[in-house]
Each structure stands twice: as structure tokens, then as C-alpha cells.
Amino acid sequence: MKGLQIVVLGSIVPDPLQTLEPIAGPTGPALKNELMLPAVLDPWAGHALYEAASLAKKVEGKVYLVALGPKAKLQQVMMNVAQKVPFEIVVLDGPAGGFADATETAKALAGAVEKIPGLDKSKLLVFGGWQSASRGTGAVLQMVGEMLGITDQFQGVDELVLAEDGSFTVLERIEGGCYQKSACQGAPALLGWATGNLPEPPNNPQVGMQNMRLIMPALAKATPSPLKGEGLRYASVEVPSQRRDTRIVKDAPVDDIARELADWIRA
Amino acid sequence: MTDENTSPQPEGALPEGFERQRMDVDIACVGFGPAMGGFLHTLSKGLMNEDGTPVVESKAMPGMPPQVICYERADDIGFGVSGVVTKGRGIRASFPDLDLMQIPLATEVAHEEVLYLLDPIGASRKPLALRLADKALKALGLTKDHAYALPYTPNFLRKEPGILLSMGQFNQWAGGQIMGQGVAQIWPGTPVAEPIMFDQVVAGVRLQDQGVDKRGNPEAGFMPGMDIRCQLTVVGDGPVGNVGRKLDEKLGLPLGNHAREWAVGMKMVVDLPEGCQLKEGTVLHTLGFPEPEIFGFLYVYPGNVASLGIFVPSWYDSPVRTGYRYLQHWMQHPAIWKHIKGGRMRSWGAKSLQESGRKGEPHLVGDGFARIGEGSGTTNVLTGSGFDEAWTSGVLLGVSVLELMKADKPFTRENLEQSYVRRRRDSWLEREAKAAEKARDGFQVGVVPGLIGMALTGLSEGKLFWPGASKKPHERIPSIESFFQGRITADEIAAIRRECTAKGLPLHGALMDRAGWPAINFDGQLLVSHQDALLMGGKVQAPPGYRDHVTFKNQNVCRTCDEKVCIEACSGQAIATNPEGGAPLFDREKCVHCGACIWNCSKPAPNGGESANVDFQAGAGGLHSAEN
Amino acid sequence: MKVLFLAHSEADGSLGKAACEALTAAKGLGGELMVGLYGAEVQKAADQIAGCGAAKFYGVAGGEFATARYGSDASACEAMAKAAGADMIVMPSTSRASRVAAGVAQRLGAAVDTRLTGLEAADGKIVATRWFYRQRMLGKIERDARPWLVTVDSGCFAACEAAGSAAVEMLNVAPATRTTVTGVIAPAADAQTIRPDAKLLLVAGAGWGKTQPDGQKHLDDASSLILSLLAATQCSLGSSKSLVDQSGEGAALPFLTHMHQVGQTGSTPRHQKGLATCCHGEEPHVVGWRFIGERRAINLDAGCGWAQGKADVLYVADAFAVAKKLAELLK
Ligand SMILES: Cc1cc2nc3c(=O)[nH]c(=O)nc-3n(C[C@H](O)[C@H](O)[C@H](O)COP(=O)(O)OP(=O)(O)OC[C@H]3O[C@@H](n4cnc5c(N)ncnc54)[C@H](O)[C@@H]3O)c2cc1C
Ligand SMILES: Cc1cc2nc3c(=O)[nH]c(=O)nc-3n(C[C@H](O)[C@H](O)[C@H](O)COP(=O)(O)OP(=O)(O)OC[C@H]3O[C@@H](n4cnc5c(N)ncnc54)[C@H](O)[C@@H]3O)c2cc1C
Ligand code: SF4
Ligand code: SF4
């Protein structure tokens, strides 16, 4: 299957260990100090990108990353991501936060995918993370798929094996630690990735240099994509307190502890 | 100039099927701190014509604009650690229209105060002279909250008019400006392993291997660190950068110079409690407590946020000098605590400072390389400022490099001497660094001579100082027994050592408890365990696939080492007692890359020289907070 | 207001627990309730909830709808939703329903919100609750747009029980798809250690693989102790990142995979109780415990994270010794 076009949809999220606090912004809730928080590529979307690159390498395909996010932050994050695998970026300058409406995000992304020059849907695989680490709806990809007319969709993907004729098999995560295995005749298809199987690629300066030649201009001509935030209203957003009154049992005989635990488990 | 076919190291070391890749650029830069910011900003501004065409062509890639690449080891350019209060002369010259509103957490200095802190606990090791002074101050009713506010801020400490910045936020902002200029690329997450040298000539840098295990052995995804060849290597890797230190090892320092004085700065950014009286732009400097050698600072950012911390210097001759515990005692000093109690830690971090200043200046240039920033001796040890000095050194190099490029002159030692070094010698940087050069010599003798010496130097603008000969850092560190002599008996120390080692714990907690320091009552917000500070404040992370960047040169020496200062002083609890005996254990995932282990080891390196038994290389990861 | 409860039947034809819970959520909205069911067969499932008060049952059934497949499931849901013309559509958050819900909403021109943990109608308004930023913030949301399709998480509502016999109107749907589901790969039965329906979650941390006070590692002991606790309690097994990262290559515990990881970058399971062993209780791990009701931990370190308000009880003890005794007691 030569010439596959893999479009990865992915944006940024706050670096995972940062302290997140909601505040009321002009257009709804937002994160406190959102622009100061360091950001990373949304982890599952990152896996999708690395899987895409690995696949593209095998089939002489091409990888696009379509990202909707604040341009300045995207630029920062790209300085890390761009060293990892080759791709071409399409930038939509708009909000990437978890409080944005999934449907509006999907519309913006689908529009950007449609506009990719030379897009051939018969060779198109749309990738992304099966959920974002911000909104976590798992909705955006499905909707983008529908908007692009793609009805072979897979979610929670950990493995994709492509055959010579372009058909492929997929392993999707389902309940109980199991996988569902499917076979698909080929592109167009949409895959929402979980972690996949690849280690994070090393930082390669040459890949970085090569990517940057396209990334900086793409950032410069990013399409402003403010989301309207219509329809979705937030009554409240809060960080629930999880603190408990911990009883600390020290210097107790093992037998006593085991008995107490056994009673608790049985209760 | 160089023989392109010879390699600095035998390639045979690589496993079969792997080749070390090479990339050619024009200028390779190591580290992105304020120094590199100054350099890249200046270079970028001068390298493009109005119409967007480059002033000169790339030599590495003819037909292209000059290829300028900067490699930063941290995972983001905003993960640096500093104060920062600065007069900002260099910054303002680079950005005449500087609008502080554009940089989060930045503000103007509004009020400065120096506090001499008395010891409300009685555990501090104040020498008699200071104790008497404390008594006198108290008796005269000059103290409030166990602190004496100096009636005025001596000129040499004054930063007004000046700027308060967050290092992380400033670097992010400056990096954004530079990338936007389109000349230079700044790549974080890319530690540089070493300079590529042919004799005395630097021909580029080699990046760290990736896809390796702890020991550096290839694993899945192995990628040998790439060789980046260039005409000019700009070394701005800060006080503990290993490219700078490798150059020093190879080339030595100019006669009479040595970089032996250090301090670790440990700090927090704190959401101040509601109703806190501190006004935005306030700058507090403290001295005297928790130990007389330990200086402190508290700066108030906009939005009721403060940046605060302490410096624990190498001339505080304690073998159990843990910054974290001291930071907590300092924070709880009544004069500080009254402001911050009830606040919340947002961020935490630590980093070494090169405290030798001008005296630690290395060879600034050589064939194919130039050095800028703190690693080149810019930090002013009298005024305690390094930020604007670092930036300015970068600016001076930027101007010089532009001059050489436009004149099509190669980056030889001579040419760099005539441009960059000459400019540095003519600058305010040099003038002030010279005046400050001997300011801290007195500390070599003792803390009182040190304080007096600093004041002398400061007030006389460098004409007077208290002399003191320097020692290598490891030579200064006494045994635990002699340090606690008269306070804790050798037998007791032996018992504490046995007990702690069995539990895999450092000794400082037990020793400080024993010395009379009260236990810290964690409140889960501001006073948290060291581990929690790493996680909640520092957000410390380490990407997989890199070797351990801290190793012990001679494990046998460690085995018999009684001080194990490396463990006691480690800012990240990344170096831990080996319960099986032997060399300490290093946990890369906790390391904050502060570099304190470089100078917190009591034994000389097996091969002699200035350094001690710890080997500190460049690694990826560390702090993930962009507010420090 | 018309409310459609939309769910799939299980392989055995029944309606799963998660679906029965979602039905309760749908009922709670008030209004006129309808049910849409899809799967290989749906009558059994419909009978299971016949008395739920639904005015109408729709069904789409057949071999083509036996397995979770986007093309067929989405068409089935679309057909039933169109037939019902509902204002609110409520689906469970099973992996099967989740993979089509938003796509179906798109086909219907409906608004969509997924993985709700709360859904209430009050004063003519419908307020939905869901988590943001990986379970770190809880938001209450409202929408005026209808139809509004939502999926609700399991464990948030009581399961609806209302057996009887239901008359189901079957709809004909011809799905277009180029995908065939070829099977399910389950971990070997005895290795099935992730059990979402279990009452207890047992978390194994990196301490199991660490050098113990006797200077040795006891990986074999660790393995057998953990497995015997699993066997004795039929609990679900979770792990910390550190332990999972060490697994494989025989370095740690062979039955652990990244699917076991609980936490910020792992899963957020729902169980009534949770017991953490040899796990330090660092924040990135503990955020995955958000939906664990009662929490206890065994750790050698009295200063570990669990002590700081993260567990109800912390036993400062050797987990090897406690686990051994506990397994005996529970046998
Ligand atoms: C707690 C603290 C408080 C301070 N307060 C003040 C103050 O109030 N005012 C003031 O003026 N100064 C202050 N300073 C000093 C000031 O921060 C430094 O002088 C200044 O940051 C030096 O800048 P630099 O660019 O030379 O080096 P750095 O800021 O150290 O930057 C060097 C960069 O190089 C990177 N690097 C190192 N090795 C490698 C490698 N091998 N490969 C790739 N990258 C590498 C590092 O990660 C780092 O980002 C303070 C310092 C500390 C620690
Ligand atoms: C971006 C990011 C995301 C992360 N996501 C996750 C995540 O999703 N899930 C996750 O788990 N972690 C995550 N982490 C890692 C997390 O911060 C911790 O490092 C990890 O949870 C530690 O695992 P642990 O507690 O098992 O191991 P350790 O911290 O090594 O703790 C081992 C514990 O075992 C105890 N112990 C040892 N022997 C015994 C014994 N015999 N009896 C009783 N106790 C004993 C020790 O006292 C110690 O407390 C993440 C980290 C980052 C940076
Ligand atoms: S590194 Fe230095 S201080 Fe640490 S144990 Fe070894 S010799 Fe002692
Ligand atoms: S090991 Fe890391 S954290 Fe510890 S002193 Fe050395 S550099 Fe600092």
C-alpha cells in the first residue's frame, strides 16, 4: 500500500504533573495560568503520531499532523515533538483546552483535513488519540470521521498490521484487559490510538531540522480558529478535595493487621 | 584546520550496525539560559536584512541562511531555576521597548530591604562575634520578629530601579522571540555529551546517546549521539554544564584562576496567603539564619506570588549541608513566616551557582569556540547577580560573531580574542566583576571575616577585601565527627550512622534533630516532604532511554567514605545510601540537575585535578516547572 | 420530552450491568421513555427491562450486529434514534457504545457529551456532570440544544431491574462496512486479572520488586503472594507505573502489563474498596483512585503518600508478611 496519507489529529495538553486549577474565563471555564503551564503533545495522540510515522516509513506514506491549539504554545511543544518523527503540520490557532466543545473542535479539524492539498480519501487513514487528556470525551475523532464520510472506525487501538494489498487488522482495547481483533479492507479508515506498541522515538536533530523548515511557516500562516463555545454552558467546575482522615496503624502485629484486613474485605 | 577523517574517539565502541550520524551546521550552541538568549537574540537581529534575506550565506549549507542551532538539555526552555532580581541593564538595551506585561510574573522592583536574621531556635552555629551582635541588637530593641532590618540597602546590593522576573517565564518568552526571528532553532530535550575536540580546536559537539540503559549500554531504539560539526561552538551551559567543564579539564584555566566557590540555590514559588502584607515588587535579602553562611531572598511577583529561597555555599563547611531542610527552617523564621504562613507551594527547584565569579573565568575563546554566561565567570559575587551579566556576555558575543561573519573571518582564537574578548574587557561587566572579584575571599577564613570582607569590598568598590586563600571544594569538607565536635559525640555519630545506613536514609535528618533543630511539621501545602516537593513543586520527570548522568568515579573510595556528602547534600534525594554498602545509589528520575554533587563530595578524583569523585554528565529530564 | 435509552445486548443476549445503570440515568430524566436495543438478539435484553416504564421498545438484531463494529452499530443506533425522535438519548459508556456514540450524534445532528458521572433533571433543566483533565476537575454542564446524546459511566447509578416481557419493534438496518470482527483475544482465564466488576481492587506497587530489608529481592514470593490474594478474593489487580515499567523481561511480575497501570497515565477503575501494597501513594498514581470507595494501604514507610490523607487506613508493615497471612485467612 504505497502512498498512504496518514492524518494525525492531535494537540497539546498541560504537562501531566502540573497543578491544575479552574478559573472563570470570559468565555467559560479555563485553567489558571494556562499560558504559563508547560505543555506536551497529548499523550495518546503522541502515540498515534509515532505509529503513523512508523507505518509511513514502511509504505512510503506521508504523515500530517493537524493541530488545533494556541499557536505560541504549539510552537514550544513542536520544538520537542518535531525531533522525533518526520511530519508536516497544519496549524489551527485556537483553544486546545478541555472545556472547549468537542463538536466545534471536530468541525474545525475536519475542515482542515479537507483542505490538505492533494488529499486522496482512498488512501487516507485518520489517526488520533482515542481520548484527549484534557476533555477526555473520545468524541472528536468519531465526529471527524463522520464529517469526512469514514465509517470504518476503531478506538483504543494498540496494534495495526497492514498487509501488502492495503487491508489491515486492528487490535482494540475492550473491557477486562481483552482485545477485540478486526480486519478491515483498507483506507479510508479512522483509528483512535491507545498506547500502541512503539517506544517513544529518540530525539533526532536531523529530523528536527527537516521538520522545522515546514513547521515555522505553517505556524506563521496558522488559520485563526476561535471556537464559538456556543451551546455548551458550564454551571460549575471544581477540583474536588480527596483528602481523607488517615488512620495510621503502626507497630501492630502482622496477624492483627491481616485479620482486620480480612474482615474488611469480607464485609 | 581540522582533519575531518579522524574522530575524537574510536568508533569501535558502537555496536555493529550502528553508525554515528553527523550533521553540519554553522553555529552550534550549548544550553539555553539567559546568556544564550542574549547571544541568539543579538545574532538573529543582525543576521537578517530588512527584506528577510540573510546578511551572509551558510557555509555548512551553501545557498541557505546560516544554520544556527541551540541544544538545551532540559525538556523545555522554561525549566531553569533562578531568582531573579536584576537591574536589567543588558535586557533593557536589547529590548528598548520592553513591556513587562508581556512576560508572566515580571514586574518592577518597588521596595528593597536587607534583614539580618537572629536565631530564634538556638541551633544555629553562630560564632561568638555574631552571637554578641545578636544580643546587642536585641538589647537595643532594634529587632522585630527576631530580625534586624538594615537602615538602608547598601549600594552594592541595590537593584532599584530594576526588574523582578521568573527565570522560566523569561526564558520561554525570550525563546519565543528568538524562534520568531527565524534564524535560530532552539531544541530542548537534547543534552550535549561533550565538545568534539582535535587537540585544542573545538569542531562541534556530540549529543548524548539515546536508547541506552542506566549504564549507557544500547537498548531498543538505540541512537548514538549525533555529531554536530560547526565552525563555531558557543558554550553557554551555565555553572555546571559539562561541555564547559570538559573544556576546562582539557585546556585548564588561565593562570591563577580557579572556579572553586559554589553555592546551591534552592527555592520555591509560593502563592502567598490571602491578606499578605507584602507588596508587589518587594525584594527582601536575608543573612544570618539558619546558618550564618546561608543567605536568603524573597521577591514578590504580581498576583500575590513570591519567589523565595536560600543559598547554601561551599564555604559552609558542613558535611551534612542539606538545602531542603535549611530552606524549611529559613521559611519558618518569624520574619519570613509571618508573610508566607498559610501560603501554597506552586513550584520548587534547585541549582548550583558558580560563586568564583571573575576569578573562575576560563579561557573565554579558542579556535572554534567561545564561552558566555555564568560558566564563563560572569556572575557578580558581590552583588549576587548573574542574570543580566549572563545576558550581556551573550550580547557581546553576538555582536562580535556578526562582525566576524560579515567580514568573512574564521572563528579562530585570534579573531575571537580581538572581537569578543576585547568587547568583554571593555564592558561594565568586566569592570564590576573585577571590583567584586575578591569580595567573598574572607569566607575562606570564616564567616565573620567573610561578611566584613563583603561589606568592605562593596563599600570600597573593590579596593578593599579580606584575604583568604581558596581550597578545592573537597578539601574544605571536614569529617562529620570534627564538624559536630563538642556538640555530638563520636559514639553517638557512629550509632546514628549505623541506624540510618541500615534504613537507607541520609544522616542529616537525625544529626540536625540531634543538634537542636526542631522537626518540620508538614502542612501539605507549604511545608511538605522533600519527595513531595519534587513531585508537587518540581514536577520532576526523566525520559527513558538515557544513561545515568551521575556516576561515582572510584567506587572503592565511596565504599570507605565516611562523609558521603553527596547523599546528604543532594537536592533531589536522587543520591541515596546503598543499604548493601558500597557506592551510593543514583536515581535518575529524582535528579533535578542542580549539579551540587559536583562540589559536594569529600574525596578527590582518582586522577587528581580540581574535581572530586562524582562524575556529573549532561542528562535529559529534571524539573518540569516553568515558574522558577 | 422524549428520552431514548440506547444500548447493546451482551454476547449471551442479556443487558449488561453498565447498560442497566444507564437506563436508571435515563429514567431519572422524567419524560416519555423509549428503549432501543441492538445486538445479535435483543428480546432477552428487552424482557430484562420490560417493566422499566418505556412506552416503546425498538430493536435492531442479527448476526451483523453481534459484535462491536462501528459501521453496523452506528447504523443501528442511528435508525433507532431516528425512529424514536427523542430529545435526550442516553447510552452506557461501555467500550462498545462509546466507540459509536459521538458518531451517531453527528449523524443525528445532536449535541453530545460522554462519560457522564451524573445526570439530573431539575426545574426543567438537565444538568450533566463529568470529569475533565483526566479526572482532575469535575464540571457541571448544560445545553439547550436537542437532541442531546450522552453516555454515562458505570458505577454511578443503580442498575435498573424490571423484568417482564416486552414487545419490541424490530427495525431493518443494512449497514455499510468493510470491517469484520474476527475475534476477541482474552488473556488466559487464570491470567484474567483485570476484573471491573470485582468489589476489591488490589494494587501492587514497585516495592514488591525491590530489595527487602534482608538485602534480597523476592520476586517469586511476590508473584505467588499476589496471585494467591487474587485467587482468594477474586479481586481485580492494578499496579503502579513503576512496577509495570519493570515488567517484561522477567524483571518483575510476569502477569503485569501496562493495562494494569492505575493512575494519571493509566486507568481510573471503579471499585468499592481498594488495597494498595508496596505502593508509595504518589499523587500521579493516586489520582487513578478517584473512584475507589474505601482505601487502605500497606507500606513499610509511615511517611508514604497514603499517610497524607490519601487512604482511610495505612498499615505500616511488611506487605510480604501481611499478604501471606491474609491469603491464609481468606482461603
Ligand atoms: C536560586 C537562584 C537564585 C538566583 N537569583 C538571582 C538573582 O536574583 N539575580 C540574578 O541576577 N541572578 C540570580 N541567580 C543567578 C542566575 O540565575 C545565573 O547567573 C544565570 O542564570 C546564568 O545564566 P547562564 O545563561 O549563564 O546559565 P544557565 O541559566 O545556567 O543556563 C545554562 C543552560 O544550559 C543547559 N545545559 C547545561 N549543560 C548542558 C548540556 N550539556 N547540553 C545542553 N544543555 C545544557 C542548562 O540546562 C541550562 O538551561 C540565581 C541563581 C539561582 C540558582
Ligand atoms: C507524567 C507522569 C505520569 C505518571 N503516571 C503514573 C500512573 O499513571 N500510575 C502510576 O502508578 N504512576 C505514575 N507515575 C509515577 C509516579 O509518580 C510514581 O513514580 C509511581 O507511582 C511510583 O510507583 P510505586 O509507588 O509502586 O514505587 P515506589 O515509589 O518505588 O514505592 C515503592 C514502595 O514500596 C514500599 N515497600 C517496599 N518494600 C515493602 C514491603 N516489603 N512492604 C510494604 N511496603 C514496601 C516502599 O516503602 C515504597 O513506598 C507518573 C509519573 C509521571 C512523571
Ligand atoms: S561520591 Fe564522594 S562524598 Fe559521595 S560517597 Fe563517594 S567519595 Fe564520598
Ligand atoms: S544527583 Fe542530581 S539532584 Fe542530586 S545533587 Fe546531583 S544534580 Fe543535584
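For A/T137 (side chain) and C/T114 (main-chain N/O), no donor-acceptor pair under 3.5 Å exists by modelled atom type. Distance alone, capped at 3.5 Å, places no donor-acceptor pair between the C/R134 side chain and the A/G136 backbone. Not a single donor-acceptor pair under 3.5 Å links the side chain of C/R99 to the backbone N or O of A/G138. No donor-acceptor pair under 3.5 Å is formed between the side chain of A/Q142 and the backbone N or O of C/V104. In terms of modelled atom types and a separation under 3.5 Å, the side chain of A/S182 and the main chain of C/V181 share no donor-acceptor contact. Of the possible donor and acceptor atoms, none in the side chain of C/Q106 sits under 3.5 Å from a partner among the backbone N and O of A/E146. Judged purely by atom type and a 3.5 angstrom limit, C/Y133 uses its side chain to pair as donor or acceptor with the backbone of A/G98. No donor-acceptor distance shorter than 3.5 angstrom exists from the side chain of A/Q155 to the backbone of C/S95, with no hydrogens or angles considered.
Within the 4.5 angstrom heavy-atom criterion, atoms from both the backbone and the side chain of C/A68 approach chain A. Heavy-atom distances place the backbone of C/K310, and not its side chain, under 4.5 Å from chain A. There is no contact between C/Q135 and chain A, counting heavy-atom distances below 4.5 Å. Residue C/A307 touches chain A through both its backbone and its side chain, counting heavy-atom pairs closer than 4.5 Å. Contacts between C/W131 and chain A at a heavy-atom distance below 4.5 Å involve backbone atoms as well as side-chain atoms. When heavy atoms are compared at a cutoff of 4.5 Å, C/T151 does not approach chain A at all. Interface remark: C/R295 contributes backbone and side-chain atoms alike to the contact with chain A (heavy atom separation under 4.5 Å). Within the 4.5 angstrom heavy-atom criterion, no atom of A/A102 approaches chain C. Only the side chain of C/K199 comes within contact range of chain A, with heavy atoms under 4.5 Å apart. Both the backbone and the side chain of C/T180 come within contact range of chain A, with heavy atoms under 4.5 Å apart. For a residue to count as touching a neighbouring chain, one of its non-hydrogen atoms must lie under 4.5 Å from one of that chain's; by this rule A/A252 does not touch chain C. Heavy-atom distances place both the backbone and the side chain of C/A321 under 4.5 Å from chain A. The contact between C/M137 and chain A is made by backbone and side chain atoms together, counting heavy-atom distances below 4.5 Å.
Side-chain contact between A/V249 and C/V313: present, with at least one pair of heavy atoms (C-beta onward) separated by less than 4.5 Å. The side-chain heavy atoms of C/T94 and A/E175, taken from C-beta on, include a pair separated by under 4.5 Å. Side-chain contact between C/T182 and A/T169 is absent, with no heavy-atom pair separated by less than 4.5 Å.
Interface remark: of the candidates C/R143, C/K325, C/R130, C/R143 forms the most heavy-atom pairs closer than 4.5 Å to chain A. Of all the listed residues (A/P240, A/A194, A/G192), the one sharing the greatest number of non-hydrogen pairs under 4.5 Å with chain C is A/P240. Ranked by heavy-atom pairs under 4.5 Å with chain C, the list A/P188, A/A189, A/A106 is led by A/P188.
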Stepwise side-chain hydrogen bond (donor to acceptor under 3.5 Å, both in side chains) check, A/D152 with C/T177: CA-CA 6 Å; A/D152 290 277; C/T177 174; 3.2 Å; yes
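In this structure, CZ in A/R266 is found 12.5 Å from CG in C/L200, a value given to the nearest 0.5 Å.
When all heavy atoms of C/Y70 and A/T151 are compared, the closest pair comes out as CD2-O, 3.3 Å.
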